[in-house]
Amino acid sequence: MAATPARCGTQGEKKVTAVIVFGDSIMDPGNNNGLHTVVKANHAPYGKDFAGHVATGRFSNGLIPTDFIAQGLNVKQLLPPYLGVQHTPEDLLTGVSFASGATGFDPLTPVIVGVISLEQQLAYYDEYRSKLVGIAGEEETKRIIDGALFVVCAGTDDIANTYYTTPFRSAEYDIPSYVDLLLVGVESFLRNVSARGAKRIGFVGLPPIGCVPSQRTLGGGPHRRCVPERNAAAQLYNTKVQELIRELGKDTAAFPTLVYIDIYTVIQDLVDHGERYGFTETTRGCCSTGTVEVAVLCDARFAPVCDDVSQHVFFDSYHPTQRAYKVIVDYIFDHYMQFLHL
C-alpha cells in the first residue's frame, strides 16, 4: 500500500483526542471481570508479563492491541476497561474500551456465554458520554468525540463459537447465510456508532479462524492442521464486510472516515512464517497443552505455562501473546493509519 506513515502524534494537528473501543476479547482489558461468565482472564497465568504480574482481565500474557494503539497514537500507555475500575477524569477524557470477551454481531453469541452484547456496549457508551459532559462540558465533549479514533473488532466468536461449536445456528444456516446475518448486525452497529458522533472508525476484519490453536484441535484432524472451511468462512465475511464498508463510506456525512482493517494477512503470515518474526511455536498456545485451554481452562493452579512465551504466537488456545499483538498493531499502523487521517 502507501508508504509507511510516521508514527501518529508526531504532528500536533493530527493528535487523537481519545481511543474508544467496542468489540470482543482481543480488545477487552477486563470488562468481563465482574460478570457471571467463564469467559474471564483475571487470574494467573494471564498478565504474567504485565506490570506487577497483574491479571487485569486482558486475554494475554501482557498488553493487548488497545494498549498498543493508545501508545502508538500518543494518547496514553494503557486503555482501561469501562467497567470495574475507578477512573480518573483523565482516564475518561482520553477514552476507554467497552469490549467484552466472547461477544459478537449475532445477538445470540453474547447470550450463550453471558457476556456484554454490542447493544449494551453502546448503552455504556451513552453513559460514558454523559460522564464526559459532567467532567468537561458539552462543547469539550463534542471536541473529544470529534477527534477520537473509534475501533470496532468483533465477529470471530460468532463463527468460531456460535456457528462451529454450538448447534444453535449451524442447524438452520449455512455459512453464506450466517455471514449475511452477521452483516445485518455489523451495519446496524456501525450506523449506531456513527449516530453517536464517531467521525473516524477503524473496523477490524476477521483473522484466519481455522489456524487458531483451538480450531486446529477441534477441526484440523489428528495433525491439527489449519481448517480450510473455517478460514474460508472468515474470508467470505471479510469480503462482504469490505463491500458493506465501501457502500456505507459513500455517505460521507454519516461516515466521514470509515476504514476496513485487515488482520487476516498478518496473522496468517505469523502462523505460516513465524520464524521471520522470531517465533518458533505457531500452532499451540503457551498455556498448558496449548490446544484447547482458554479463559477458565487456562488457570495457573492446574495449567503450567511454557518456558519461553516470547517464542509463541499464541498465549492460550485462542489469543495471541503480547509480542504477537505488537507485530499485528505495528502492521495496522504501517498500513492503515494514514487512511484514518491520523
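Bear in mind that the values here come from a model prediction, so they are computed numbers and not experimental data.
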Quick one: pull up CG in Asp262 and CD in Gln242 and give me the separation to the nearest 0.5 Å. 7.0 Å
ILVMFWY cluster, Ile69 and Val21 together (side-chain gap under 4.5 Å): yes
Is the Cys287 SG less than 2.5 Å from the Cys306 SG? no
Do Tyr277 and Asp269 have a side chain donor and acceptor closer than 3.5 Å? yes
Quick one: does any side-chain atom of His312 pair with a main-chain N or O of Gly290 as donor and acceptor, under 3.5 Å? no
Do Ser317 and Thr291 have side-chain atoms, one donor and one acceptor, less than 3.5 Å apart? no
Does a side chain donor of either Ser117 or Gln121 reach within less than 3.5 Å of an acceptor in the other side chain? no
Do the ring planes of Tyr163 and Tyr178 sit parallel (below 30°), tilted (30 to 60°) or perpendicular (above 60°)? tilted
Quick check against the 3.5 Å criterion: does His43 have a side-chain atom that pairs as donor or acceptor with the backbone of Cys298? yes
Same hydrophobic cluster for Ile201 and Val204, using side-chain heavy-atom links shorter than 4.5 Å among ILVMFWY? no
Any non-hydrogen side-chain atom of Leu78 less than 4.5 Å from a side-chain atom of Leu63? yes
If you draw the axis of the six-membered ring of Phe279, does the NZ or CZ of Arg323 fall within 45° of it and under 6.0 Å from the ring centre? yes
In terms of side-chain geometry, is the basic nitrogen of Arg143 or Glu140 positioned less than 4.0 Å from the acidic oxygen of its partner? yes
Please report the interatomic distance CD1(Ile267) to SG(Cys211), rounded to the nearest 0.5 Å. 10.0 Å
Does a donor on one side chain sit under 3.5 Å from an acceptor on the other, for Thr217 and Gln215? no
Taking atom NE2 of His273 as the centre, report whether more than 12 heavy atoms of other residues, nucleotides or ligands fall under 6.0 Å from it. yes
Mark yes when over 12 heavy atoms from residues, nucleotides or ligands other than Lys76 sit less than 6.0 Å from its NZ; otherwise mark no. yes
Looking just at side-chain N and O atoms, do Lys131 and Tyr82 make a donor-acceptor pair shorter than 3.5 Å? yes
What are the two closest heavy atoms between Asn74 and Lys15, and how far apart are they? O-NZ, 2.9 Å
Arg230 to Tyr164, cation-pi by 6.0 Å centre distance and 45° axis angle: yes
Under 3.5 Å donor-acceptor, Ser188 side chain and Val184 backbone: no
Would you give the length of the straight line joining atom CG of Leu182 to atom CZ of Arg169, rounded to the nearest 0.5 angstrom? 9.0 Å
Tell me if a side-chain donor or acceptor on Thr17 pairs with a main-chain N or O of Gly147 at a distance below 3.5 Å. yes
When you look at NZ of Lys199, are more than 12 heavy atoms from neighbouring residues, nucleotides or ligands closer to it than 6.0 Å? yes
Under 3.5 Å, is there a donor-acceptor pair between the side chain of Ser194 and the main chain of Leu190? no
Give a yes or no on whether a salt bridge exists between Arg58 and Asp28, defined as a side-chain N under 4.0 angstrom from a carboxylate O. no
Checking Ser130 side chain against Asp126 main chain: does a donor-acceptor pair fall under 3.5 Å? yes
Consider side-chain contact (heavy atoms from CB on, under 4.5 Å). Of Ile145, Val193, Val151, which one does Ile20 pass it with? Ile145
List the atom of Asn192, the atom of Arg196, and the distance in Å for their closest heavy-atom pair. O-NH1, 3.1 Å
Regarding Ser177 and Asp174, is there a side-chain donor-to-acceptor distance under 3.5 Å anywhere? yes
Of the options Thr103, Val115, Asp158, Leu118, which is the one that meets Asp24 in a side-chain contact (heavy atoms from CB on, under 4.5 Å)? Thr103
Report whether Val133 and Val96 are members of the same hydrophobic cluster (ILVMFWY, side-chain heavy atoms less than 4.5 Å apart, transitive linking). no
Is a side-chain donor or acceptor of Ser100 paired with a backbone partner of Ile116 at a separation under 3.5 angstrom? yes
Heavy atoms only: give me the nearest Ile261-Gly202 pair and the separation to one decimal. CD1-CA, 3.9 Å
All heavy atoms of Asn33 vs all of Lys40, minimum pair found to be O-NZ, 3.1 Å
Thr109 side chain reached by Phe168 side chain, heavy atoms, under 4.5 Å: no
So does Glu187 pair up with Arg191, basic N to acidic O under 4.0 Å? yes
Considering the options Thr56, Asn61, Asp316, which one meets the side chain to side chain donor-acceptor pair (under 3.5 Å) requirement together with Tyr46? Asp316
How about Phe189 and Phe22: do any of their side-chain heavy atoms sit closer than 4.5 Å? yes
Transitive ILVMFWY side-chain link Val313 to Ile64, under 4.5 Å: yes
Does Arg225 use its side chain to pair, donor to acceptor, with the backbone of Arg216 at less than 3.5 Å? no
Between Lys48 and Val309 (side chain of the first, backbone of the second, donor and acceptor by atom type, cut-off under 3.5 Å), is there such a pair? no
CE (Met27) and CZ (Phe98) are apart, to the nearest 0.5 Å, by 14.5 Å
Minimum-distance pair of heavy atoms, taken over all atoms of Ala234 and Pro207: CB-O, 3.4 Å
Do Lys240 and Asp180 come close enough that some side-chain heavy atom pair is under 4.5 Å? yes
Closest non-hydrogen atom pair between Thr283 and Glu281, with its separation: N-OE2, 2.8 Å
In Å and rounded to the nearest 0.5 Å, what is the CG to CG distance from Leu258 to Leu248? 6.0 Å
For the CG atom on Asp307, are there more than 12 heavy atoms of other groups (residues, nucleotides or ligands in this structure) within a distance under 6.0 Å? no
Could you go through the side chain to side chain donor-acceptor pair (under 3.5 Å) check for Asp330 and Tyr325 one step at a time? CA-CA 8 Å; Asp330 283 349; Tyr325 275 144; over 6 Å; no
Under a 4.5 Å cut-off applied to non-hydrogen side-chain atoms, are Ile263 and Ile332 in contact? yes
Rounded to the nearest 0.5 Å, how far apart are OH of Tyr260 and CZ of Phe203? 8.5 Å
Do any N or O atoms from the side chain of Glu247 and from the backbone of Gly249 form a donor-acceptor pair under 3.5 angstrom? no
With a 4.5 Å cut-off on side-chain heavy-atom distances among I, L, V, M, F, W and Y, is there a chain of contacts connecting Phe150 to Val19? no
Just wondering, are more than 12 heavy atoms of other shown residues or ligands nearer than 6.0 Å to CD in Glu275? yes
May I ask you to decide if the ring planes of Tyr125 and Tyr128 are parallel, tilted or perpendicular, using 30° and 60° as cut-offs? tilted
Heavy-atom check, side chain of Ile209 versus side chain of Leu206, under 4.5 Å: yes
